[in-house]
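This report refers to the structure that appears directly beneath it.
A, B, ... follow the sequence lines: proteins, then strands. Residue 1 opens every chain.
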Amino acid sequence: DTAVSQTPKYLVTQMGNDKSIKCEQNLGHDTMYWYKQDSKKFLKIMFSYNNKELIINETVPNRFSPKSPDKAHLNLHINSLELGDSAVYFCASSLSPLPTYEQYFGPGTRLTVT
Amino acid sequence: GQQVMQIPQYQHVQEGEDFTTYCNSSTTLSNIQWYKQRPGGHPVFLIQLVKSGEVKKQKRLTFQFGEAKKNSSLHITATQTTDVGTYFCAGVSGNTGKLIFGQGTTLQVKP
């Protein structure tokens, strides 16, 4: 009964490849997020969706494309992977897009680009 | 853009010592949240502060929100090895309406 789940947990791939990370939440939340955590542990928001609609799109290369088929799922597709994309990617969800609601994070996907 | 600065970046303490991490913003925050991330884990919500001067306690953890709502602190009394991890503050500016995370303070506790 995991609240926010992500697959895969680890992803090792070569530069130039395309990869996807999947996220699912069973909390009934309306809002989902993608964060990137670099090697210095800095957490940076990338995208946010509310009820399948994109509401936050930070300055992220357009090689990153999120997709939300329904409000329980938010996937992240990355084209033409670069070395600098190596990081831990966290999915999160919250009851509402209002930033006064706590966010529930998934276990993370550690992406290593070689 | 809005920034939330957190200090120190790292702190090593002996078990039983106290620990404090500080969070500062250049703009007034509507609210602030604190999260803890264990090594190899994911951020977990601890608490939210909303009111000016607010103080909340969770066992050995004391959270404060500054009177001007531009700073916050987390104080741990008598640290234990289970307190090891990275503590993040995350603030919301009234201007942007976005939750911005500080850089985190990583706490190491020596038994």
Within 6.0 Å of CZ in A/Phe47, more than 12 heavy atoms from elsewhere: yes
Grab the two heavy atoms, one from B/Pro43 and one from A/Leu43, that are nearest each other, plus how far apart they are. CG-CD1, 3.8 Å
Is B/Gln48 close to A/Thr100 at the side-chain level, that is, under 4.5 Å between some pair of heavy atoms? yes
Per-residue tally against chain B (heavy atom, under 4.5 Å) across A/Gly108, A/Gly106, A/Ser48 peaks at A/Gly106
Residue A/Phe64 excluded, over 12 heavy atoms near CZ under 6.0 Å: yes
Please flag which part of A/Gln6 lies under 4.5 Å from any non-hydrogen atom of chain B: side chain, backbone, both or neither. neither
Return the minimal non-hydrogen interatomic distance between A/Pro107 and B/His42, and the atom names on each side. CA-ND1, 4.0 Å
Contacting region of B/Gln6 [heavy-atom separation from chain A under 4.5 Å]: neither
Do A/Tyr35 and B/Phe101 have ring centroids that are under 6.0 Å from one another? yes
Ignoring hydrogens and angles, tell me if any N or O in the side chain of A/Glu102 forms a donor-acceptor pair with the backbone of B/Val44 under 3.5 Å. no
One should read off an interatomic distance between A/Ile56 CD1 and B/Leu99 CG, to the nearest 0.5 angstrom, of 9.0 Å
Is the backbone of A/Gln103 close enough, under 3.5 Å, to the side chain of B/Tyr35 for a donor and an acceptor to pair up by distance? yes
Could you give the distance from CD (B/Gln9) to NZ (A/Lys40), rounded to the nearest 0.5 Å? 7.0 Å
same_hphob_cluster(A/Ile78, A/Met46) at 4.5 Å side-chain heavy-atom cutoff: yes
Any chance NZ of A/Lys71 has more than 12 other-residue heavy atoms, nucleotides or ligands included, within less than 6.0 Å? yes
In the structure I gave you, are the side-chain heavy atoms of A/Tyr101 and B/Gln33 within less than 4.5 Å of one another anywhere? no
Is it the case that one hydrophobic cluster holds both B/Tyr87 and B/Val84, taking links as side-chain heavy atoms less than 4.5 Å apart, direct or via other members? yes
For the side chain of B/Gln103 and the backbone of A/Lys41, is there at least one donor-acceptor N/O pair under 3.5 Å apart? no
If hydrophobic clusters are built from ILVMFWY residues whose side chains come within less than 4.5 Å, do A/Tyr89 and A/Leu74 share one? yes
Atom NZ of residue position A/Lys52 - does it have more than 12 heavy atoms of other residues, nucleotides or ligands inside 6.0 Å? no
Does a sphere of radius 6.0 Å around CD in A/Glu53 hold more than 12 heavy atoms from other residues, nucleotides or ligands, not counting ones at 6.0 Å or beyond? no
State plainly whether one hydrophobic cluster holds both A/Phe90 and A/Val60, where clusters connect Ile, Leu, Val, Met, Phe, Trp and Tyr through side-chain heavy atoms under 4.5 angstrom apart. no
